[in-house]
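A quick write-up on the structure given underneath.
By convention in this document, chain letters (A, B, ...) are assigned in the order of the sequence lines, proteins followed by strands, and residues within each chain are numbered from 1.
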There are 2 protein chains.
Amino acid sequence: MKKVTINSVATYAGVSKKTVSRVLNNEPNVSPATREKVLKVFKELDYTPNPIARGLARNRSFIIGCLYDNPSKSYITRVQSGALEACHKHNYNLLIHPCELRGDALIENIEHLLTTSRLDGMVLTPPFSDSEELIAFLKKKNIHFARVASAIDDAESISVRSNDEQGAYEITEHLINLGHTSIAFIKGHPDHSATEQRFNGYQRALREHNIAFNPQLVAEGNFSYHSGADSAKAILDLNPRPSAVFASNDYMAAAVLKLATQRQLKVPEDISIAGFDNAPIARHIWPGLTTIAQPVEEMTRQAVEQLILQISDEQTPVYQATLEAKLITRESTAKPRC
Amino acid sequence: MKKVTINSVATYAGVSKKTVSRVLNNEPNVSPATREKVLKVFKELDYTPNPIARGLARNRSFIIGCLYDNPSKSYITRVQSGALEACHKHNYNLLIHPCELRGDALIENIEHLLTTSRLDGMVLTPPFSDSEELIAFLKKKNIHFARVASAIDDAESISVRSNDEQGAYEITEHLINLGHTSIAFIKGHPDHSATEQRFNGYQRALREHNIAFNPQLVAEGNFSYHSGADSAKAILDLNPRPSAVFASNDYMAAAVLKLATQRQLKVPEDISIAGFDNAPIARHIWPGLTTIAQPVEEMTRQAVEQLILQISDEQTPVYQATLEAKLITRESTAKPRC
DNA sequence: CCACACTCTGACACCGGTGTCATAATGTGG
DNA sequence: CCACATTATGACACCGGTGTCAGAGTGTGG
């Protein structure tokens, strides 16, 4: 099968390449008759323009890269979904590139990525959105990027986040209002800025409600289900046992719920459990988890949309936004048994 | 900032473009001295080759597209993970493209995708791997593709699947061996060939163990948690209630478990529950779900790897493989209470 | 009828690399 | 020392589009 290029179309239609190109791009100044003729030849020859050639000429790939290193599958899926929505709206496509934050290989890895695929821009999700090193590198290389859920303050680059500290504050307050005073906390992965923010929110809520902060009630997790299971063990073994557990994400909360159930504890009667993120699992288990819903898709959608705007027009003002997180109450939290 | 191209490097190093290109691609017949000199200039100018230009010259984009329309996030993540492994091994990248199987827009959608991004090949996951229409289109367009978990027999295209029928047979047999004779079944989405295959396995197991097939025990699901919840309601309302439920995937099984727990039924004492896929949720809930583990990553990895081989060398023989699924026994299945 | 504006079209350079081929430089055996 | 093979290098066309600009054709107002 012969390849159909713009040249074959031009020859076949008896016009110049440039005219074909004009029709292709819906440019003005083509007579209706010529346009018709060329369009007909498109059909006849089943012509598909070559995006690579176009990319070379325009110095664009129309591809956005999405960087992540995140243990939560549902988070990634939501990120992808928001990113794709914005991409498709502007005829861009999405290339995914999971990689590891740790290790000197990061910059090398990204450099290699840029050598194998020209990306018009990159969306950085946590923990990359907090990597000063990566951000410096991208700036040096003049690569457009947008930060999602980043704690860094950088007025020069696009950033969309949600208020983790406030969310953690609200869910802790929710537990306090139910009557809990002994509330355990499971931290997330130390590389993620959300970890510190959620911890801060927890502490602020205690403070503002005059409950002494007890470091013994804090377990070190890393957002994975597995780490949640370890933390759960430590917490449920405490004596006296806290009446509530607030885990920094839903997977870890689910692990607490599982262990509690295995130990014949009733949730929420014997122990209340709260999570964060509103991952699918939060509503797929019984009792459903009280949690904080963040607009992950929307954050990413906005970030990518702004990124694309910036790519198309360097003059676009740098967009920065903070979206609201929302408390979702389900069955896993209730008044403590007295 | 001046753009650094192969021309600037050539001029600066005092050699020709072609020699620079040779160094870039590690081609032989470059004297060590020249190679050194050019490499030094690479560093000095901080040169990054332009993948688009390279792609145009070689008629390659080094990008594989991954097509899916699947309600299960964990399935998608596993697919992506397997595909990425193969891609990165061969210096390819992965572009994701979720879209809907239904509607005339499918072909148009893919056509548009190919107009915006030149893909060297595509991985089709269910239900696309079973779409005769799409396959015909890709063949017509001379686009390389590989099918994952496809039920279609087509000796001309790469296919990697696992044995769903056998897996369903084994898990049903497992329930029968425990002593269950009244086993409900929840079907998957009708567009997925796995749905029929799993149903067939279920029926064959009943038949081979002389248990009459009872259509009333079959509920229509679509692989989503929500559909599982509806089916669960229908099944648990049956009188007499079956002693076991086999759902076509873990999300639906989790929905059955949730409803059963809400209704104060003990699992597995009052009712056994089995799923399929070994999704994360199967081990994140209590009791853990007995299920079938399919090597999703491995299937996709092999499919993409073969796809890349085929792209690099058209002579590569068409690879077709069927991998084994494995029964995973957890706490959700046990002897029926007599 | 002429001057001028506007529409339509194509020639040609260019984007930044790679492939082909000719040629210069070097090595090797007789 | 010569014939010949081998290595090293560059000139140039080419991949398949887009941008610039010149020029032909058409319309309009004075």
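Note on B/V15: only backbone sugar-phosphate atoms sit closer than 4.0 angstrom, heavy atoms only; bases stay farther off.
Salt bridge B/R301/B/E305: present, at least one basic N to carboxylate O contact under 4.0 Å. A salt bridge links B/R161 to B/D153: at least one charged side-chain nitrogen sits closer than 4.0 Å to a carboxylate oxygen. Checked for salt-bridge contact, A/D69 and A/R102 miss the test: no charged N lies under 4.0 Å from a carboxylate O. By the 4.0 Å N-to-carboxylate-O rule, A/D154 lies close enough to A/K139 to be salt-bridged with it.
In summary, of the residues considered (B/V41, B/I6, B/V38), a side chain to side chain contact (heavy atoms under 4.5 Å, CB included) with B/Y47 occurs for B/I6 alone.
The nearest pair of heavy atoms linking A/G55 to B/I52 is C-CG2, 3.8 Å. Here the shortest heavy-atom pairing between B/I308 and B/A86 reads CD1-O, 3.9 Å.
Applying the 4.0 Å criterion to OP1 and OP2 of D/dT7, one finds that B/N29 has every side-chain N and O outside that range.
In terms of position along DNA chain C, the nucleotide closest to B/L56 lies nearer the 5' end than the nucleotide closest to the other residue of the pair B/K18 and B/L56. Each of B/R22 and B/A57 was matched to the nucleotide of DNA chain D holding its nearest heavy atom; the match closer to the 5' end belongs to B/R22.
Rounded to whole Å, atom P of D/dT20 lies 12 Å from atom CZ of A/R58.
The aromatic rings of A/H192 and A/F223 sit perpendicular to each other, their planes meeting at more than 60°, with 30° as the lower class boundary.
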(Q) What verdict does the side-chain contact (heavy atoms from CB on, under 4.5 Å) test give for B/R147 and B/S157, after you've listed the backbone C-alpha separation in whole Å, the side-chain angles of each residue and the deciding distance to 0.1 Å? (A) CA-CA 7 Å; B/R147 293 175 289 130; B/S157 59; 3.0 Å; yes
**Q.** Audit row: B/S159, B/I152, side-chain contact (heavy atoms from CB on, under 4.5 Å) steps and yes/no
**A.** CA-CA 9 Å; B/S159 159; B/I152 291 180; over 6 Å; no
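Chain A approaches DNA chain C over the interval C/dT7 to C/dG16, counting the first and last nucleotide 5' to 3' with an atom under 4.0 Å from its heavy atoms.
Only B/T34, listed by number, bring a heavy atom of residues 32-53 of chain B to less than 4.0 angstrom from any atom of DNA chain D. Residues from residues 111-119 of chain B lying near DNA chain C, meaning a heavy-atom separation below 4.0 Å, are absent.
At a threshold of 4.5 Å between non-hydrogen side-chain atoms, the residues A/R60 and A/I311 count as touching.
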